[in-house]
Amino acid sequence: MENLIDQAQTIIKDHHLRWTKQRKMMIESVARHPDRYFNIVEIDQYLRKQFPGLSHDTIYRNFKEFEKLGIVELHQHRDQMQVKYSCDFTHHHHFICDICGRVQEIQMPPIDKKFFEEQLPGVKITGHRFELHGICAQCQKKSLQ
């Protein structure tokens with residue numbers, strides 16, 4: 001975990017942002033379990049207990065900035081925004097457990113952008129996201145017990 005925090009601190013400082021106690025605690029909250037998504041509301045509640053003057057907007061804005069820097073990944077699931085420590089700095093895809101939030105990387109065959117651009121005249125595709133959702137093996141095992 002310390003390595004992930006040090007990595008994030010270096011990236012933040014390299015981009016001329018301040019390394020504050022609040023930002024450190026935000027990174028620690030996702031670096032503790034880098035293999036799963038966390039609901040931002042839960043992190044928000046925890047951080048605001050530690051720093052009563054901290055606003056939800058500040059927390060959300062910082063996570064958006066961390067996403068731009070490649071430190072975290074943000075993900076909208078149902079009606080909630082979720083965040084996890086970035087597992088990789090290259091393009092990749094995930095399987096996400098709907099029960100525990102655990103994330104596993106999956107491999108996908110290359111996507112032919114031209115195939116989709118032909119369906120959308122005048123559009124230039126610049127990226128994509130692909131996620132599979134379901135129940136992981138551990139959660140399925142627990143439900144059978």
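Reckoned from all heavy atoms, side chains included, excluding hydrogens, waters and symmetry mates. Each residue takes its place number in the sequence, starting with 1.
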Applying side chain to side chain contact (heavy atoms under 4.5 Å, CB included) to His75 and Glu73, what does each step give before you reach the verdict? CA-CA 7 Å; His75 159 78; Glu73 297 175 25; over 6 Å; no

Would [X] and [Y] show up in the same hydrophobic cluster when neighbours are defined by side-chain heavy atoms closer than 4.5 Å?
X	Y	answer
Val72	Ile96	no
Ile106	Val103	no
Met26	Ile71	yes

Could you pull out all donor-acceptor pairs under 3.5 Å where a side-chain atom in residues 32-41 meets a protein atom, sequence neighbours excluded?
from	atom 1	to	atom 2	distance (Å)
Arg36	NE	Cys100	O	2.9
Arg36	NH2	Cys100	O	3.0
Asn39	OD1	Val41	N	2.8
Asn39	ND2	Gln80	OE1	2.6

Which residues pass the ring-ring contact (aromatic ring centres under 6.0 Å, His included) test with His15, sequence neighbours left out?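 Listed in chain order: nothing, the list is empty.
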
Residues two or more places apart in sequence or in another chain: which of them pass ring-ring contact (aromatic ring centres under 6.0 Å, His included) with Phe115?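 Applying ring-ring contact (aromatic ring centres under 6.0 Å, His included) to Phe115 gives none.
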
Electrostatic pair Lys114:Glu117 at N-O distance under 4.0 angstrom: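 Looking at Glu117 together with Lys114, the answer is no, because their closest N to O distance does not fall below 4.0 Å.
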
Between [atom1] of [X] and [atom2] of [Y], what distance do you get to the nearest 0.5 Å?
X	Y	atom1	atom2	value
His56	Asp44	NE2	CG	5.5 Å
Phe63	Thr58	CZ	OG1	12.0 Å
Cys136	Phe95	SG	CZ	6.5 Å
Met81	Lys64	CE	NZ	5.5 Å
Phe66	Ile27	CZ	CD1	4.5 Å
His94	His133	NE2	NE2	10.5 Å

May I ask you to test the Phe116-Val123 pair for a side-chain heavy-atom distance under 4.5 Å?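 No, every pair of side-chain atoms sits at 4.5 Å or beyond.
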
Are Ile43 and Val30 packed together at the side-chain level, in the sense that at least one heavy-atom pair is separated by less than 4.5 angstrom?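 Answer yes - side chains close enough.
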
Side-chain polar contacts of residues 17-25 - donor-acceptor pairs under 3.5 angstrom, sequence neighbours left out - could you list them?
from	atom 1	to	atom 2	distance (Å)
Thr20	OG1	Arg23	N	3.1
Arg23	NE	Asn62	OD1	2.6
Arg23	NH1	Arg18	O	2.7
Arg23	NH2	Asn62	OD1	3.2

Looking at every heavy atom in both Leu4 and Tyr85, which two are closest together, and how far apart are they?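 Shortest heavy-atom contact: O-OH, 2.8 Å.
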
Between Glu67 and Leu74, which heavy-atom pair has the shortest distance, and what is it?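 Looks like OE1-CD1, 3.4 Å.
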
For Ile5, is there any backbone N or O sitting under 3.5 Å from a side-chain donor or acceptor partner on Glu28?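 It does not hold such a pair.
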
Run the side-chain contact (heavy atoms from CB on, under 4.5 Å) test against Gln140 and tell me which residues pass, sequence neighbours left out.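 In terms of side-chain contact (heavy atoms from CB on, under 4.5 Å), with neighbours along the sequence ignored, Gln140 is linked to Ile135.
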
With sequence neighbours excluded, tell me which residues meet side-chain contact (heavy atoms from CB on, under 4.5 Å) with Asp6.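 Asp6 satisfies side-chain contact (heavy atoms from CB on, under 4.5 Å) with Gln9 only.
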
Output, in order, the C-alpha distance, side-chain angles, deciding distance and verdict of side chain to side chain contact (heavy atoms under 4.5 Å, CB included) for Arg48 and Ile59. CA-CA 9 Å; Arg48 290 173 58 185; Ile59 293 167; 4.0 Å; yes

